[in-house]
Amino acid sequence: MTKYVYDFAEGSRELKDLLGGKGGNLAEMANLGLPVPPGFTVTTDACRAFLRSGTEPYGLRDEIAVHLERLERRAGRRLGDAADPLLVSVRSGAKFSMPGMMETVLNVGLTDDSVAGLSAQAGGDERFAWDCYRRLIEMFGRTVCDIPGEAFEPGPLDADPRECVRRYQEIFREHTGRDFPQDPHEQLSEAIRAVFRSWNAERAVLYRRQEHIPGDLGTAVNVVAMVFGNLGADSGTGVAFTRDPATGERGVYGDYLTNAQGEDVVAGIRNTMPLQELERRDKAGYDELMSIMAKLEEHYKDLCDIEFTIERGKLWMLQTRVGKRTAAAAFVIAAQLVDEGVIDLDEALSRVTGAQLAQLMFPAFDLSGGPRRIAAGIAASPGAAVGAVAFDARRAAALAAAGTPVILVRRETNPDDLPGMIAAQGILTSRGGKTSHAAVVARGMGKTCVCGAEEIDVDITGAQLRAGGITVSEGDVVSIDGTSGAVYLGAVPVQPSPVVRYFEGSVTPDAGGPLIRAVDRILTHADKRRRLAVRTNADTAADAARARRFGAQGIGLCRTEHMFLGERRALVERLILARTGEQRDAALAELLPLQRADFTELFREMAGLPVTVRLIDPPLHEFLPPLEDLAVRVARAEERGADPGHDRELLDAVHRMHEENPMLGLRGVRLGLVIPGLFAMQVRAIAEAAAAVPGARAEIMVPLVGAVQELEAVRQEAQRLLDELGVEARIGTMIEVPRAALTAGEIARAADFFSFGTNDLTQMGWGFSRDDVEGAFFGRYLELGIFGVSPFESIDRDGVGRLIRIAVAEGRAARPDLHIGVCGEHGGDPASIRFFHEAGLDYVSCSPFRVPVARLEAGRSAVTAAGSDTR
């Protein structure tokens, strides 16, 4: 029979799939001998079974009863004992941290009969006992019974807590039609079921979609004996980090609140004091906490995030985990731990991500213009964010959907604010610290965040804030600096980040500080470890030069059609409108020197490195004005009795070339075979440019091939021209048509290389038109879990990925020396790069600014694969 419940002594962090992160880490701390309150964990298996059937799985209630009895023996109290009651917390805990997204109920087990017993435990402190009861009714009402949170608006601070409980019980009865349950075991069962249900709450689903967390994992539930930080001045609660989660700086960072429960810290409703204040108030407790934190960091070999409570001088550990951190902190901490001999460079590389490196390349504020600073808060998550102020999540989401950058401003955030936090460029709160909900969620999402800006008076009802003697209304623009904590009036200009300046060569590692040194060190190691080469997609000399500075090892895609735009469009029009072979040849002759000059610049910038030039791909009608515009111009001219002239000629050409679905029509290799001389002109331009540039390494790529005969026909003419000019160049093809992937063994006979065009391969593999479907129904597909992520953002491993694997295997079987890469947008996506490594590709190609990201992820892929091979 399936085991659904584990005591802490039975678990470990290795069981996080089953026990969740919180349960696994509580077990880990308990087994290290740290002061953890007694408790047990209901597994994710139980949650999944409950969500499938809508009822508790067989045997779960009996298992809970057995483990509850053990907990009671260890605690020396019984749930429901009126004279000496045991109270428990019921908390969610999924495999991946989802801060504030699911539910918690504290003080479970408290009833009308046992509140006096709790007061006696607290030395006759009736206010404490009734306040705990108030908290239970509110949390139980919101979590278990879906009573709106605003229904439990707190009364005055000096209100009689007995009266508050009576009022809350009336509210409970009004909304549910029943009395607040007086059976502690019923409370416990209902709370556990509510935590299970919260896995599919709207905000939890939204968070998982944002963070790409699978929706079928479920959450564990942790039932833990209550310890109380709200028992007076010698009690309190706090959250701490073993290093600064914003910068990575060594030291102890955290927030502490006296006479408070843990939810008070995370909620940010009271401004906390620095953790160092605990040392002054309770030196023994502080020293014990420091010792435990050091032990945990040594054990986990990483930054640890810790929640603790002090109950009348006794320290209790309530949670630990490898802490969320900013992108900058991730790199700095990884490098520090290498210096300290805790991890090696392979492990350091595995602990940072391409997504984090991309965040570090975002611009920073240029303060040279002296912007007006109106407030300062806690730098909770770095970055430079500018936007119109919005005071609620719904308004923030609406403004962002309309294309307006937004800064979400709140006194403090809560999980219901998640849609606005996702939509916003940055988040600003007047309360809370580095461990508040806003800070933790923003760091996890890579959003800029400033918390605890006490100088700001936020008026939610009036939709305005006051600070520095000015009033900022909704829609006014502010700028927030998540690195310094500064808040500025108006839009502050931005400048390249230090990391981009390092890649550009204007900042050296020695002069760049800990972050630049860490990025340089880890990226250098990634370059040593990676098997995949990294090229760039570039059509201009400027892009090629930038990409080379960023570490590109060649050009994997030069789109020649981009070279036909601007002033050259008139030449392309002449080619399209040519009625005779002489007219066509004349237009091509004029295009030849222009193309040759383009390729010459690229070969010079990439001298010694391969440059893959894709012959013209899109349908030629794209170089003509739109049908609708031409039709209107011609009609207006005819209405006036004027001669439409050239517009009539263009309109006739557009009608002549019109296709219902041009992306599946006359384009790519088909165009080159139908229009004599077009590909020949491009091949000649490539060959002449390569001959003129020492060290040029030209590769000619034929697009949209679906049959080997197409490639053979183009190759024959191209090879003749290359031989005529005495130039060596590889000739290959893009694999972007599903048939090409499925007949790769045949096509490889005529190809020196393959390059996967994953944009078209995804469109044709799924039957999607990218330009149409992303806005039409992708949002709904993500909501329903049909997609975990857009297949245009990250490669579809099961479908499109299988086509790629087939093409690689069959292509190399036919031609072992076949060189294979990818040049679609997926070439710069971290998750896709891992797939391309596994599939055996030789290189990826991406936009210049994604080259460092691809270098890092290619190194991480090699390290991860090597680690898997040794296990």
Side-chain angles (χ1 to χ4, degrees), residues 22 91 97 99-100 104 106 227-283 285-290 292-294 296-297 303-311 315-326 329 375-382 410-415 427-444 449-456 482 484-485:
K22 186 174 293 182
R91 296 176 180 267
S97 176
T104 291
L106 303 180
V227 290
F228 299 98
N230 53 335
L231 276 170
D234 61 351
S235 303
T237 190
V239 178
F241 298 88
T242 56
R243 301 179 192 231
D244 189 336
T247 66
E249 187 176 340
R250 293 179 181 88
V252 177
Y253 297 84
D255 299 319
Y256 183 70
L257 270 177
T258 58
N259 197 25
Q261 288 193 329
E263 297 302 303
D264 299 332
V265 177
V266 177
I269 56 177
R270 288 170 55 188
N271 281 343
T272 57
M273 62 183 71
L275 192 62
Q276 286 73 11
E277 179 67 14
L278 176 62
E279 183 177 20
R280 188 182 68 79
R281 293 169 176 261
D282 181 0
K283 183 68 165 61
Y286 178 83
D287 289 346
E288 184 183 3
L289 179 63
M290 294 302 102
I292 289 173
M293 290 174 70
L296 286 171
E297 185 172 277
L303 158 73
C304 287
D305 171 355
I306 293 154
E307 293 182 18
F308 66 94
T309 283
I310 295 177
E311 182 184 75
L315 176 66
W316 293 100
M317 305 304 296
L318 303 184
Q319 180 175 327
T320 193
R321 61 189 170 197
V322 171
K324 288 185 181 292
R325 66 209 66 189
T326 64
I378 295 168
S381 187
R410 304 285 288 163
R411 293 192 188 98
E412 68 278 331
T413 63
N414 62 59
I427 300 151
L428 171 63
T429 70
S430 60
R431 300 174 182 167
K434 281 188 178 180
T435 58
S436 66
H437 176 267
V440 173
V441 173
R443 280 196 295 273
C449 181
V450 173
C451 289
E454 296 180 353
E455 302 159 83
I456 293 176
S484 69

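Values below: all heavy atoms of this structure, side chains included; hydrogens, waters and symmetry mates excluded. Count residues from 1 along the sequence.
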* To do: Could you pull out the closest heavy-atom pair between A375 and I456, with the gap in Å?
  => CB-CG1, 3.7 Å

* Grab the two heavy atoms, one from S381 and one from T326, that are nearest each other, plus how far apart they are. => CA-CG2, 4.1 Å

* Asked: Which atom pair, heavy atoms only, marks the closest approach of A438 to C449?
  -> O-SG, 3.9 Å

* Structure fact -> Looking only at heavy atoms, the pair that brings T309 and G229 closest together is CG2-N, 3.5 Å

* **pair V252-L289: side-chain heavy atoms closer than 4.5 Å** => no

* Asked: Of L303, D244, L275, V239, which is the lone residue that meets side-chain contact (heavy atoms from CB on, under 4.5 Å) with Y253?
  -> D244

* CZ of F228 to OG1 of T237: how many Å apart, nearest 0.5 Å? -> 12.5 Å

* Do side-chain atoms of N230 reach the backbone of A260 as a donor and acceptor pair under 3.5 angstrom? -> no

* Determine, step by step, whether T242 and I306 satisfy the side chain to side chain contact (heavy atoms under 4.5 Å, CB included) criterion, reporting the C-alpha distance in whole Å, the side-chain angles of both residues, the deciding distance to 0.1 Å, and the verdict. => CA-CA 8 Å; T242 56; I306 293 154; 4.3 Å; yes

* Asked: Is E311 close to L231 at the side-chain level, that is, under 4.5 Å between some pair of heavy atoms?
  -> yes

* Asked: Which pair of non-hydrogen atoms, one from G482 and one from A379, has the smallest distance, and what is that distance?
  -> O-CB, 3.2 Å

* Is any side-chain heavy atom of R243 closer than 4.5 Å to a side-chain heavy atom of E297? -> yes

* **Rounded distance (nearest 0.5 Å) linking atom CE of M317 with atom CD of E288** => 9.0 Å

* To do: With the side chain counted from C-beta on, respond yes when E277 and T258 share a heavy-atom pair under 4.5 Å apart, and no when they do not.
  => no

* To do: Identify the heavy atoms of S97 and R321 that sit nearest to each other, and give their distance.
  => OG-NH1, 3.1 Å

* Would you mind reporting whether R281 and D234 have side-chain heavy atoms less than 4.5 Å apart? => no

* Do L318 and V227 touch side chain to side chain, with heavy atoms closer than 4.5 Å? -> yes

* Asked: Given side chains that start at C-beta, do those of F308 and L278 come closer than 4.5 Å, heavy atoms only?
  -> yes

